[in-house]
Amino acid sequence: QGSDFFKDLLDYVVPVVHEADKHIFQDGNLKETLLQQLQGSAHHSFAYRVMTDGQPVYHIMRLIHEYTDENNDRYLIIGVRNVDKEIHHKMEVDKKARIDKLTGAGNKNAYHELEEEYQLRIEREEDLSFGLVVCDVDNLKIINDNMGHKAGDELIQSACTLLCNTFLHSKVYRIGGDEFCVFVNEIPRDTLIDKLRFAVKKMEQEYSFQGGVVKLSASIGAAYCKKSGVGYKELLDVADVAAYRAKDNGRNCYIIEDIE
């Protein structure tokens, strides 16, 4: 009901719209802006959030039908639908698509997003100070071959837990069967070394498994960046080479290389 849809929209809808979405409706040319949103979108719709009981609930406003009458007056039929369940379901699916099922760490999909994010920051010439850590779990193939994959899986899970506890404020990614990666942002070099030393020490453990003993250790390589403009591939290559050198040095150790 009412004679001025757009005025009513401002009076009744805007007060309950999520703060971050109010700009959609508060444009000085509300009518023109909404029409552009509705007619410019491939699905003739746009999403926004309405605050309900203190919680944001996703809705879409959609252009259902458009027609012109015999007087050449133009009319639009606009529908509003609650799509909160669909949006949250999609978010959950997207989240699961980025998580390694065995460990709960980020998987390769999530890792590739990290690469893209880092590259964007490089292109924006942000002043970065960080390290990239590559951790290879030692002797996983031997354990899988001699004690079975269940023992190997438990070893991988334990290694991931130890890494997450060591790098509490950084995301851990599983990028291979026995390989993890940690991007450590805004960290002094000495602090990174302390964490690497701690990780190697904590990784050196023994676990009882079906009457046998499983030994856990790791070879860790790290690249520490001290200059801007370093591409992600260069960063990863340096960390990878450092991890291989740690293996060549007898495993169960870390090596850090500076990029400066």
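Side chains included, hydrogens not; waters and symmetry mates left out as well; all remaining heavy atoms used.
- Counting heavy atoms of neighbouring residues, nucleotides and ligands inside a 6.0 Å radius, atom CD of E204 does not exceed 12 of them.
- Taking the six-membered ring for Trp and the full ring otherwise, Y173 and F180 have centroids separated by 6.0 Å or more.
- Using modelled atom types, one side-chain atom of N107 and one backbone atom of A110 make a donor-acceptor pair closer than 3.5 Å.
- Looking only at distances, no side-chain donor or acceptor of N139 sits under 3.5 Å from a matching main-chain atom of I142.
- Atoms CG and OH, on L235 and Y224 in that order, are 12.0 Å from each other to the nearest 0.5 Å.
- The closest side-chain heavy-atom distance from L192 to I256 is below 4.5 Å.
- A donor-acceptor pair shorter than 3.5 Å cannot be found between the side chains of T191 and D194.
- For Y58 and Y48, the ring centers sit 6.0 Å or farther from each other.
- The nearest pair of heavy atoms linking L102 to R174 is CD2-NH1, 3.5 Å.
- Note that the NE2 atom of H59 and the CZ atom of R81 stand 10.5 Å from one another [nearest 0.5 Å].
- Distance check: L132 CG to L114 CG gives 7.5 Å after rounding to the nearest 0.5 Å.
- Looking at E179 and V137, their side chains never come closer than 4.5 Å, going by heavy atoms from C-beta outward.
- Side-chain contact of S219 with D136: a donor-acceptor pair under 3.5 Å is absent, judged by distance alone.
- H112 and E115 share a donor-acceptor pair across their side chains, judged by distance under 3.5 Å alone.
- Put simply, the side chain of D178 never gets that close to the backbone of I156: no donor and acceptor are under 3.5 Å apart.
- Interatomic distance, CZ of F198 versus CG of L162, reported as 8.0 Å (0.5 Å rounding).
- Side chain of D138 to backbone of R251: no donor-acceptor contact under 3.5 angstrom is found.
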